[in-house]
Structures are given as structure tokens and as C-alpha cells.
Amino acid sequence: MEHLSYPIGKFTRPTEFDEVAVSSWLETIRHAPMIIRSLVSKLSPEQMAKSYRPDGWSIQTIVHHLADMHMNAFLRCKLALAEENPVVMAVPEKAFAVQADGMTGVEDSLKILEGVHARWSVLLQSLSREQWDRGFVHPANQRVMSLHFTLAMYAWHAQHHIEHIKLAIAEPH
């Protein structure tokens, strides 16, 4: 079951934030919405309701989740650039997933992902070396999460859920 829950492995905190790694993560952020749209655009509502594992989220829920979480991450980055180590709010992912807007088709969430990722990419590409070290404090761990770390984590997050969508398409549950 672990390979279904974490098809690309669990996120591991990078020890290096070199230009090659940052460039790769930026490419993931830039292209993830296009990949997601290409995977789901021709799926029927029945296929969108399929999951990557028993009791896992449906493809539809994953797309809405990505829009929610990446919108929040983009705003956290902007806040980190505007304030000195702001404390951000934790997001109750499971509670978000069951709200009415998550029970609709995914077109609006795909548009959110496309817009947020386009703006996020521009923002991140504009950062100076010093700005990459800025960050925010997450209430769960009470430590500063740099923008380097945030980029790495959300690039992983996008890839993680893209693989879930692929699994649900290939072997739906």
C-alpha cells in the first residue's frame, strides 16, 4: 500500500539548494498544470471519480486539492517576501476536500492551477539569492521554512499527485 500512497517516495528535505535543483523544481512548478490538464481533460465523470488506491482520494478530489494547496503555497511565498518570517495558518486538507466546491467538475481548479503556477513561476524566477532564504513559520513545526524548501516541497507535491492521477487512470479503485 505504501507504493500507492507514495508512488515517488515520501518527501525528503533537500540538503542542497543548488542552481540545478532549483531549476528542476521551477520546471516542475511551471509545467505541472499542463501535465494535469492533459491527464484529466478527456476523462468521463465516472473516471474522475476513480481513486489510485482503496479509500484514496478520487482524481477529481486530487485536482481540487492541488488548486487549494498550491494557491495557499503561492500566497505563503508572497507573504514571506513581504514580512519577516510570518506565521502562516495550517490548512485542514481533509476538511477542505469535502466542501461543496470540491464536488464540482475540475475546470475551475485547472484554471486556478494554471494561473497560480504561471504567477508563482514568475515570482520565483525573480528572486535574488538573499530572497530565496526568506521564509515563513508553519504552526505545525514552529521553524522557518525557506522559499527554497517551499519550492522543493511543492514541486514534490505536484509530482506526487500527478503520479496518483496516473495510477487511478491505469488501475482505478
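Interatomic distance, NE2 of His148 versus CG of Leu151, reported as 8.0 Å (0.5 Å rounding). Distance check: Glu93 CD to His65 NE2 gives 4.5 Å after rounding to the nearest 0.5 Å. Of the inter-residue distances, the one linking Gln47 atom CD with Ser58 atom OG reads 12.5 Å to the nearest 0.5 angstrom. Of the inter-residue distances, the one linking Glu84 atom CD with Leu79 atom CG reads 11.5 Å to the nearest 0.5 angstrom. Rounded to the nearest 0.5 Å, atoms CD1 (Ile169) and CE (Met48) are 8.5 Å apart. Of the inter-residue distances, the one linking Leu123 atom CG with Ile29 atom CD1 reads 11.5 Å to the nearest 0.5 angstrom.
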Leu81 and Lys78: CA distance, side-chain angles, deciding distance, side chain to side chain contact (heavy atoms under 4.5 Å, CB included) verdict
CA-CA 5 Å; Leu81 292 165; Lys78 289 186 67 89; 5.7 Å; no
Step by step, would you call His157 with Leu66 a side chain to side chain contact (heavy atoms under 4.5 Å, CB included)?
CA-CA 8 Å; His157 188 252; Leu66 283 163; 3.7 Å; yes
Val106/Ile59 under side chain to side chain contact (heavy atoms under 4.5 Å, CB included): CA gap, chis, key distance, verdict
CA-CA 9 Å; Val106 298; Ile59 295 171; over 6 Å; no
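Paired with Glu114 under the rule salt bridge (Lys or Arg N to Asp or Glu O under 4.0 Å), one option of Arg30, Arg119, Arg37 passes, and it is Arg37.
There is a path of hydrophobic side-chain contacts, each under 4.5 Å, that joins Leu26 to Met71. Val116 and Trp156 fall within a single hydrophobic cluster, where Ile, Leu, Val, Met, Phe, Trp and Tyr are joined by side-chain heavy atoms under 4.5 Å apart, directly or via other members. Ile8 and Tyr154 fall within a single hydrophobic cluster, where Ile, Leu, Val, Met, Phe, Trp and Tyr are joined by side-chain heavy atoms under 4.5 Å apart, directly or via other members. In this structure, Met153 is not a member of the same hydrophobic cluster as Ile62, with clusters built from ILVMFWY side-chain heavy atoms closer than 4.5 Å. Both Ile35 and Ile165 are members of a single hydrophobic cluster when ILVMFWY side chains are connected at heavy-atom separations under 4.5 Å.
Under the 3.5 Å distance criterion, the side-chain polar atoms of Arg134 are matched with a main-chain donor or acceptor of Glu83. Under the 3.5 Å distance criterion, the side-chain polar atoms of Gln60 are matched with a main-chain donor or acceptor of Thr104. Glu163 contributes no side-chain N or O that, together with a main-chain N or O of His160, makes up a donor-acceptor pair within less than 3.5 Å. Ser24 places no side-chain N or O within 3.5 Å of a backbone atom of Val20 that could act as its donor or acceptor partner.
Side-chain contact between Asp101 and Asp108 is absent, with no heavy-atom pair separated by less than 4.5 Å. Using a 4.5 Å cut-off on side-chain heavy atoms (C-beta onward), Arg76 and Val91 make contact. Contact annotation: the side chain of Pro7 never approaches that of Tyr52 to less than 4.5 Å [non-hydrogen atoms, C-beta and beyond].
In terms of heavy-atom proximity, Gly135 sits nearest to Ala80 at O-CB, 3.4 Å. Minimum heavy-atom separation, Gly102 to His64: O-CD2, 3.2 Å. Of all heavy-atom pairs spanning Pro139 and Ala90, the tightest one is CG-N, 3.7 Å. Between Trp132 and Ser146 the shortest heavy-atom distance is O-CB, 3.8 Å. Here the shortest heavy-atom pairing between Ser41 and Ser38 reads OG-O, 4.0 Å. Scanning both residues, Ala158 and Thr28, for their nearest heavy atoms gives CB-CG2, 4.4 Å.
The aromatic rings of Phe11 and Phe149 sit perpendicular, their planes meeting at an angle over 60°, well past the 30° parallel limit.
Lys50 has no carboxylate O lying under 4.0 Å from a charged side-chain N of Glu171, or vice versa, which leaves the two without a salt bridge.
Judged as a side chain to side chain donor-acceptor pair (under 3.5 Å), the pairs with a partner in residues 1-22 (not counting sequence neighbours) are, in order, Ser5-Arg53.
Side chain to side chain, His161 and His164 meet the donor-acceptor criterion of an N or O pair below 3.5 Å. Ser44 and Glu46 share a side-chain donor-acceptor pair at under 3.5 Å. Neither side chain, Ser51 nor His173, offers a donor N or O lying under 3.5 Å from an acceptor on the other.
Aromatic ring centroids of Trp120 and His70 lie under 6.0 Å apart.
Under the side chain to side chain contact (heavy atoms under 4.5 Å, CB included) criterion, Asn141 pairs with His138, Arg143, Met145, not counting sequence neighbours.
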